[in-house]
Each structure stands twice: as C-alpha cells, then as structure tokens.
Amino acid sequence: MKMTFRWYGEKDTIPLSYIRQIPGMSGVVTAVYDTPVGEVWEPEKIERLYSLCKENGLEFEVIESVPVHENIKLGAENRDKLIENYAKTLENLGKFGVKCVCYNFMPVFDWLRTDLHKQAPDGSNSLSYKHEQLMSLDVNDLHLPGWDESYKPEQLKGLLDSYKDITHEKLFENLVYFLKGIMPVCVKYGINMAIHPDDPPWDMFGLPRIITCEQSYEKLFTAVPEINNGITFCTGSLGACRDNDLVKMAEKYAKRIHFAHLRQIKYDGELDFTEAGHMTKTGSLDIYGIVKALVKGGFDGYVRPDHGRNIWGEDGKPGYGLYDRALGAAYLNGLFEAVENEYKEAKK
Ligand code: DNO
C-alpha cells in the first residue's frame, strides 16, 4: 500500500512542503489542469509536475484524472482521434513514471452534491446530498454547488440531448471500446487504469450511470480482462448505495483495486448522506472492515484519504482541505499497519 494525497497543482492552496510532512506520505495524486479535455498533455507540463514533486521528496505516480471526452462516452464519429490523443497522454505520463490513472465514465456530470458546507454540531462542515432536493432542480437551468459552470445553458441542453439515445448498454459498449483502444499503451508502459465509480451510484437527470455495483465490475472485467483495467474503489461513492457490500467487494476485487479512495459517509435517509470524518464510528461505513478486507484480498495499490471536513477554522476547497484529510491519512495508516501486521503474524 502506498499512501498518497490529492494535490490540485500549483494553484492548490496546500503546498507540497506541507503534504510531505504528513506521516507516511509517499506521493501526490495530481493532474495537468489547463489542457482542454480531449487534447494531449504536453511532456513539458508533465515534467513540471514531476520535478515539483521530486523537489519535495514526493512521488508522482498517480494521476486523477485524465478526463474522458464526452464524444468518447457518446461513441461519436471523432472518437478514434480522441482515443488516440488519450493514449498519447498516457504514453507521455508513462515516460515520467506514472503507474496509475484514475478516470470516470459518467455522462456530463461528475460527482453531485446539494450542499458543500453542511454544518455539524461540532462546528465542522462537510459535503452532503439530498436526493429530493437535487431532483427538484431544473436540469436546463442548473446551478449546482461545486459544479463547474463552464457549460452555457444551451450547451448543456445540447449535451443532454445528445445522450437521449444512449442506453446503459450503449454507454458500456463505448467504455469497452475506449478501454480496448488504450490497453496496448497501458500494458507497454505498465499503467493501471482505475475507473472511478459513479457518485452517487445511480442514474442522474435521465443520464445512464454504469459503474455502480458489483455487477458492473463483473461485466467490466469480463469485457476487458487485462489487469491494467482496474478500479478506483471509492468507498463514499459505492457506499451511498445501501445494497453494496463494501467489505465483500474490497476483498473480492482487491487485486483489481489499483487505487482506493477511503472516506466515510453517514446515512441521513434512504438515499441521503453527509460526509463524515474517516473513522468507522463516525459514520455508516465499516472503514476498518474495508481495510481488513483489502489486505486479506492482497491489495497492493495506492490509497488516499478522500474528502475531509472543514475543521479548525479552515475554509478549504470542499472536501479537499488539509487538516481533516491529514487526520484521515494518519487514521488509515494506523489501520493498515495494524491489519498488515496481524496478517503477517498469522502467516508465520
Ligand atoms: C471528487 C472526486 C471525483 C474524481 C473523478 C475521477 O472528489 O472523487 O471528482 O476525481 O470522478 O475521474
């Protein structure tokens, strides 16, 4: 296991010199943020990130994300060119030692929440999701918290329309087509692709979502069996669906889990949840049980503490402040040390 920390590049308010001081931190998870989706990431930009990490004693082995262009998800005419560009980006990353690339295949929207600063009685605040509230919004005039409003309303409408014939099956076929297109370069450079589950893991605004549960993973690995086709096991995303047995899934897919986003949520209703501190007892997910299952299953990937709360007066990027994620890393490091030692002892 390698513990990592997400870093939003040079514009991040948290400097690398702070990240390196978090105990047990091996490296950062970052990305080139100023290249439009679909274009090739230039080696110079990658090299800049690589050097900054190196200067700070941190590894640069995980990218989150190389975003997938909507036309690849749609299976549009120019998808081959876009896939070729994606593969070229992977090649450029591979040359700088990148070993794991997180991405998602959610149409139009990435993660969705209704509140980025839900107040807790202890004075902290965190992200939360209320299903009814989200569903009551007018999709053609959306202003979601955290949602980048780079789409103009007409553009968004056009994009939503272009998905109207895209069924779950079609979207899955387009994912497989994309993966088959990039697998050769992944194998050549030893890059593990790690698909992020849909967050939350159900259809949104009539758009299909296909990476939601155990069945999705069965289909995915059957269609593209290379080990380089793996997953980002995001406990907060998958855990929002009450039917997902995360402990079982963590053990079953441990070797396909190239990247684990470990975070806690607390159920507020059938579909509603609030993000909580990382510890098992502060929320609804068995974080200890998940770590144990990962170790038992032979997990050997990257971990990062996921979304933290704003605590100690910090007003961080929602989910991505310093303090609570650092506490999360310390807690997770403790769990892994204890559980890994337990297994080593048992094997003796
Ligand atoms: C949110 C993140 C996601 C994730 C992408 C991966 O905090 O977990 O935005 O980075 O879905 O492509």
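The first residue of the sequence shown is numbered 1, and numbering continues consecutively from there. Ligands are counted one by one from 1 in listed order, and the atoms in each one are counted from 1 as well.
- Ring pair Trp202/His131 is perpendicular by interplanar angle, where above 60° counts as perpendicular and below 30° as parallel.
- The residues lining ligand 1, counting any heavy atom closer than 4.0 Å, are Arg6, Glu64, Ser65, Cys102, Tyr103, Asn104, Met106, Asp110, Trp111, His196, Arg304, His307, Tyr320.
- The backbone N or O of Leu52 lies less than 3.5 Å from a partner atom in the side chain of Asn56, making a donor-acceptor pair.
- Between Tyr86 and Tyr103, the two ring planes are perpendicular [angle over 60°; tilted spans 30° to 60°].
- Under the ring pair (Phe, Tyr, Trp, His ring centres under 6.0 Å) criterion, Phe273 pairs with Tyr129, not counting sequence neighbours.
- Aromatic pair Tyr8/Tyr33: centroids less than 6.0 angstrom apart.
- Contact check for Ser128 versus His117: no side-chain heavy atoms found under the 4.5 Å cut-off.
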